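Structure first, then comments.
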Amino acid sequence: MPTFYVTTPIYYVNDRPHIGHCYTTLLADVIARFHRLKGDDVLMLTGTDEHAEKVITRATEAGVTPQEWADRNAQAFREAFEFMGFSQDDFVRTSEDRHKTRASGYIQKLVDSGDIYLGDYEGWYDPGQEEYVTESVAKAHDYTSPVSGKPLEKRNEKNYFFRLSAFEERLRTYIEDHPRFVLPEARRNEVLGRLRQGLQDVPVSRAVRDADGADWGIRMPNDPDHRVYVWIEALCNYLTVVDTDDRRKYWPASIHLLAKDILWFHAVVWPAMLMALDEPLPGCVYAHAYFVAEGRKMSKSLGNFIEIDQLRAYGDRFSVDAVRWYLATQGPLGSTDADFAHSNFVEVYNAELANGLGNCASRVVNMIHKYFDGELPEARDATVHAGVDWPSLTGGHVEQAEVCFSRADLHGAGHQGLAIVTAIDGYINTTEPFRLAKRIEGPDDPGRGDLALILFNCAEALRIAAMLLLPFMPSKAAAVLEMLGASAPGDGGLNEHAKWRGPQGLKPGTPVAKGPGLFMRAEADEPAPTA
RNA sequence: GGCGAGGUAGCUCAGCUGGUCUAGAGCGCUGGAUUCAUAACCCGGAGGUCGAGGGUUCGAGUCCCUCCCUCGCCA
């Protein structure tokens, strides 16, 4: 069984879960669910990044230990992800021993190999924030603090450095030879562009100044006076979690999903570390762009972050699956940002979910009830009917969905399922079963066979559409399958699940349930739900 | 400043190596038809001098030059 390992970044535990965290994790979830449907042995990983110094600060302010603070906030992420219906196989926290001990081991290995060494760091220090700012940030603010506006100080300190520069050539060659290693392409260009300008070694540790929170974070294994920078140990999570006997099979990760702000670490620093550790590189580093809110960039100063509570409000009003569908298919998978706009949400909801999938399911089920007493009719085996070759039409969309997924094209993949729905609608309109039903005079009327065939075909096609939509809307697609009396996908893989009249195909005689509408149409001008 | 991406219908975008592009799709808008269905589905229509100007060519959204604008990245 092929393995498939998909990761999200681990999220800064001081954050409150918002649309950004949910979006990246949703992508991972949809992809993971698709691969499980395919029959792959999947590991989906998400988690929290907990060792930042500000965690100590916030914990102290709250009067609790860093661990207690982190526990509390990690729980908020878990709850948000549960609400979103995410199916992560593991949730890693960097404060866990399994992470700390192995990450520490990797650092030691790099020290031993000489890829990490003690050197001098010089940079712009912001005394108010107690942190260094990058040259470009310093320059952008005219060498004053971006927070307080007070002048920055040039400071020196002893740090351990990772010998990133040594990997410049290998990295460039690797990325050039593997066009799908960094995606989307615009991001790959950025990385290659920066690589051409040369690489400098990067600091990976900082001297511990005082006893506060002394047991928080990971110490340099060879020098306990230094604490490993969070970002570098955080990257290690992808490996620490699978560096066990039973999980080694998952490495290298198939795809690391992340937002564009942390591309550099994932596309350059992390691969270089893996090279230094003699580990194979992940298949793909995919950096998506951001969601903006109603056309405006989300920011703390505007206070317009779409937080989990607002997504909950949308979920309560339109269903969680509608939120998942909107985010996954309308999201910023490319290099440019996408807009979470209420009017757009309602448009997509109505057009694709209510008028599309929901309405189609409703008309098919309704006719089976009306004309066959709610029992799926026996149909002759004529799969090409009224100019529609159902096995190849549905098979084609299944195949296309697989292609789309292999490119992380969730918009395209999702629309394969909808395309089948559109085909069903068109088929109903051309064959007009509702008219046929009126012409039928008795149980022996030969038209009855056609009517049965039409409705069976509709139901079977709908089943396959639902199968393809399952990764996007696990509960709504499952509801469609249940309505049709189809079995939930078991073992066997997508080719079996989605095969026309295959092993999991609908069985004549099965009762078809007339449930409540899947997605009821919304008013275009109804106000946005609020948290 | 350096590197990169892009400006095509109201919106989101397809249009690869120049000629089925007298410019496409989806959504939105609008007219019609229909009734199995969630005022839905189906059919039709309006809407663009393809950022501006110049050039190459028998022919350019597609190639070249100049300019304008937007966006991304710079550890």
Side-chain angles (χ1 to χ4, degrees), chain A residues 121 123 132-140 161-162 164-165 168 182 184-204 229 231-232 259-269 272 287-290 292 295 297 329-339 341 343-372 411-412 415 418-419 421-438 451 454-455 458 514-524:
Chain A
Y121 178 79
Y132 284 88
V133 301
T134 65
E135 179 64 32
S136 53
V137 169
K139 197 174 172 186
F161 282 76
F162 172 56
L164 184 61
S165 59
E168 185 180 321
V182 180
E185 206 179 322
R187 301 265 101 92
R188 176 172 181 262
N189 290 343
E190 284 175 11
V191 170
L192 282 172
R194 278 176 68 182
L195 277 175
R196 267 182 246 114
Q197 290 163 30
L199 289 178
Q200 286 172 25
D201 294 348
V202 289
V204 297
Y229 266 142
W231 61 263
I232 201 154
K260 58 187 178 180
D261 55 331
I262 49 175
L263 173 64
W264 185 251
F265 292 126
H266 285 80
V268 174
V269 180
H288 64 73
Y290 298 139
V292 300
K297 200 175 162 76
T329 63
Q330 305 294 314
L333 261 178
S335 58
T336 52
D337 295 345
D339 195 7
S343 62
N344 190 233
F345 182 98
V346 173
E347 269 181 26
V348 171
Y349 174 84
N350 277 341
E352 299 180 344
L353 302 181
N355 299 348
L357 180 60
N359 180 245
C360 182
S362 166
R363 67 198 300 210
V364 168
V365 167
N366 193 63
M367 282 192 280
I368 292 173
H369 266 263
K370 238 176 179 154
Y371 310 138
F372 292 96
H411 180 268
H415 284 268
L418 279 195
V421 169
T422 302
I424 297 169
D425 277 331
Y427 179 65
I428 293 174
N429 284 327
T430 51
T431 56
E432 298 182 316
F434 41 89
R435 276 199 178 170
L436 186 55
K438 282 175 190 158
L451 187 59
I454 292 166
L455 293 182
C458 288
K514 210 172 170 180
L518 284 173
F519 300 101
M520 295 317 290
R521 205 182 146 76
E523 290 305 317

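Everything quoted here is computed from the prediction, not taken from an experiment. Chain naming here is simple, since letters A, B, ... match the order of the sequence lines and numbering starts at 1 in each.
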A:H266: which residues meet the ring-ring contact (aromatic ring centres under 6.0 Å, His included) condition with it, sequence neighbours left out?
A:Y238
Scan A:Q200 against the nucleic acid and name what it touches under 4.0 Å (heavy atoms): base, sugar-phosphate only, or nothing.
base
Indicate whether OP1 or OP2 belonging to B:rU35 is found under 4.0 Å from a side-chain N or O atom of A:K438.
no
Atom CZ of A:R187 to atom P of B:rC71: distance rounded to whole Å?
14 Å
When rounded to the nearest Å, what value does the distance between P atoms of B:rG18 and B:rC63 take?
8 Å
Secondary-structure stems, RNA chain B, at least 3 Watson-Crick or G-U base pairs under 3.5 Å
B:1-7 with B:68-74, B:10-13 with B:24-27, B:29-32 with B:42-45, B:51-55 with B:63-67
Excluding sequence neighbours, so at least two apart, what forms side chain to side chain contact (heavy atoms under 4.5 Å, CB included) with A:A419?
A:H397
Looking at A:G295, is its backbone amide N or carbonyl O close enough to the side chain of A:D339 to form a donor-acceptor pair, meaning the two atoms are under 3.5 Å apart?
yes
For A:F265, which contact category applies under a 4.0 Å heavy-atom criterion: base, sugar-phosphate, or nothing?
nothing
Using the C1' atom in both, what is the distance from B:rU12 to B:rU56, to the nearest Å?
34 Å
Taken in chain and number order and not counting sequence neighbours, the residues that satisfy side-chain hydrogen bond (donor to acceptor under 3.5 Å, both in side chains) with A:Y121 are none
For A:N355 and B:rU38, is the shortest distance between a side-chain N/O and OP1 or OP2 below 4.0 Å?
no
How long is the line joining CG of A:N366 and P of B:rA40, in whole Å?
18 Å
Would you mind classifying the nucleic acid contact of A:G198 as base, sugar-phosphate or nothing, using non-hydrogen atoms under 4.0 angstrom?
base
Using side-chain hydrogen bond (donor to acceptor under 3.5 Å, both in side chains) as the criterion, list what pairs up with A:R521, not counting sequence neighbours.
A:N355
So, is A:K370 near the phosphate of B:rA37, with a side-chain N or O under 4.0 Å from OP1 or OP2?
yes
Looking at every strand, decide which applies to A:N359 at a 4.0 Å heavy-atom threshold: base, sugar-phosphate, or nothing.
base
B:rA33 and B:rG45, which share atom name C1', separated by this distance in whole Å:
14 Å
Reckon A:A351 touches a base, only the sugar-phosphate, or nothing at all at heavy-atom distances under 4.0 Å?
sugar-phosphate
Would you please confirm or rule out a distance under 4.0 Å between OP1 or OP2 of B:rC41 and any side-chain N or O of A:R363?
no
Could you tell me how far apart A:I262 (CD1) and B:rA75 (P) are, to the nearest whole angstrom?
16 Å
Could you tell me the separation between the CD atom of A:E352 and the CG atom of A:L357, rounded to the nearest 0.5 Å?
10.5 Å
Taken to the nearest whole Å, CD/A:E190 to C1'/B:rC73 is 4 Å
Who are the side chain to side chain contact (heavy atoms under 4.5 Å, CB included) partners of A:T431, not counting sequence neighbours?
A:H385, A:A386, A:Y427, A:P433, A:I454
Whole-angstrom distance between B:rG1 and B:rA9, as gauged at atom C1'
38 Å
In whole Å, I'd like the distance from the CG atom of A:L199 to the P atom of B:rA75.
13 Å
